[in-house]
> 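Dumping the structure here so I can ask a few things about it.
Along the sequence shown, residues are numbered consecutively beginning with 1. Keep in mind that what you see is a predicted model, and the values were worked out from it rather than measured. Just follow the structure's listing: the first ligand is 1, and inside any ligand the first atom is 1.
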Amino acid sequence: MTTTWAGGSEYDARIRRAEQLSSRHAFAAEFLDFYKHIAAFQERLRVQVAASSDVRSRGALADALRSPLDLTVLLPHFRGFLSTIEKHAPAALANSAHQMSLLPSDSWISSLEAYWQHGGKYDQQVGAFAQFLARAFLQPNAEFRAALMPRAPIVMTTKVCPLCGARPLLGALRPEGDGGKRFLLCSFCSQEWEFRRILCPTCGEETEGKLPVYVAEQLPHIRVEACDTCKFFIPGVDLTKDGNAIPLVDDLAAIPLTLWAHEHGYSRLQPNLLGT
Ligand SMILES: [Zn+2]
Ligand SMILES: [Zn+2]
């Protein structure tokens with residue numbers, strides 16, 4: 001498993017990558033520009049989360065990634081988060097943030113706690129906007145805790161994150177020797193774990209002929225890794241082709257691929273932060 005310390009510099013790198021991709025790919029610019037505001041907020045929140053967690057409590061946090069949220073730290077930032085979304089999001093999502101801002105804090109708490117418990121595992125039924133708000137707000141907290149966890153032994157065929165039990169968001173092919181080694185990136189805590197190259201992370205299909213890979217001209221380093229048995233796909237970011245890619249961010253630009261996959265009858269296992 002690779003460790004990604006999602007500290008300040010990590011968020012800065014995501015923001016810079018979003019800027020690069022946005023200037024190159026007009027079709028994704030609106031999404032990526034909005035994402036930059038999210039990432040900037042997340043960076044500030046992560047600093048707060050880290051500052052409030054003293055060395056003693058870190059031991060307890062590391063016990064279980066999804067142990068209860070410390071809402072005394074998080075909740076005071078939720079209104080500021082909703083304002084950020086209201087100000088910069090596309091209209092429908094901005095409106096949903098506004099509606100949320102009118103609700104009493106009890107509703108905020110139940111929405112955040114529900115996502116914390118089920119996010120990445122059983123969230124297919126939750127409305128996209130409701131999920132977005134809790135997910136974007138809690139992501140820095142999940143990443144912070146994941147970075148504190150002792151590294152689990154590598155289990156190459158586990159289909160869910162060994163740290164938090166969530167489904168993978170995407171695949172990443174990282175250079176290794178003459179080729180690439182495949183990792184899956186967690187949709188909840190953003191950690192990666194190693195995974196076999198020819199294996200469907202949804203249903204376990206391992207026949208190469210049933211696992212087609214598609215690449216779009218505009219984004220040659222991103223692939224649709226599909227499965228003809230279960231009809232699910234995950235995007236795969238190929239860092240052997242673009243070593244500057246940051247999978248979490250590059251995936252947000254992969255709109256043409258996602259559209260293509262949907263048109264061909266494949267569903268995405270786990271949507272990204274922006275719901276594509
Ligand atoms: Zn995870
Ligand atoms: Zn499958």
> Could you give the distance from CD (E43) to OG (S9), rounded to the nearest 0.5 Å?
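One finds 8.5 Å between CD of E43 and OG of S9.
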> Is it true that E194 and R182 have a side-chain N and a carboxylate O under 4.0 angstrom from each other?
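No salt bridge links E194 with R182.
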> On the six-membered ring of F132, is R135 placed so that its NZ or CZ lies under 6.0 angstrom from the centre and within 45° of the ring axis?
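Here R135 fails the 6.0 Å and 45° test against F132.
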> Determine the sole option in N141, L112, I109 for which the side chain to side chain contact (heavy atoms under 4.5 Å, CB included) test with L74 is passed.
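The passing option is N141.
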> Just to be sure I understand the site: which N, O or S atoms from the protein are less than 2.8 Å away from the Zn ion (ligand 2)?
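Hits for the Zn ion (ligand 2) below 2.8 Å: C200 SG, C203 SG, C227 SG, C230 SG.
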> Listing by chain and number, what protein N/O/S atoms are under 2.8 Å from the Zn ion (ligand 1)?
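Only C161 SG, C164 SG, C186 SG, C189 SG fall inside 2.8 Å of the Zn ion (ligand 1).
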> Go through it in stages, so that I can follow the logic: the residues are L185 and Q191, the test is side chain to side chain contact (heavy atoms under 4.5 Å, CB included), and I'd like the CA-CA distance, side-chain angles, deciding distance and then a yes or no.
CA-CA 6 Å; L185 185 142; Q191 296 296 293; over 6 Å; no
> Measure from NZ or CZ of R66 to the centre of the six-membered ring of F188, then state whether that distance is under 6.0 Å and the direction lies within 45° of the axis.
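The answer is yes, since R66 meets both limits relative to F188.
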> In terms of side-chain geometry, is the basic nitrogen of E208 or R196 positioned less than 4.0 Å from the acidic oxygen of its partner?
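Result for this pair is no, no salt bridge flagged.
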> Any ion pair linking D12 and R17 (charged N to carboxylate O, less than 4.0 Å)?
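A salt bridge is absent here (no side-chain N lies under 4.0 Å from a carboxylate O).
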> Identify whether the distance between the nearest side-chain nitrogen and carboxylate oxygen of R268 and D251 falls below 4.0 Å.
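So R268 pairs with D251 through a salt bridge.
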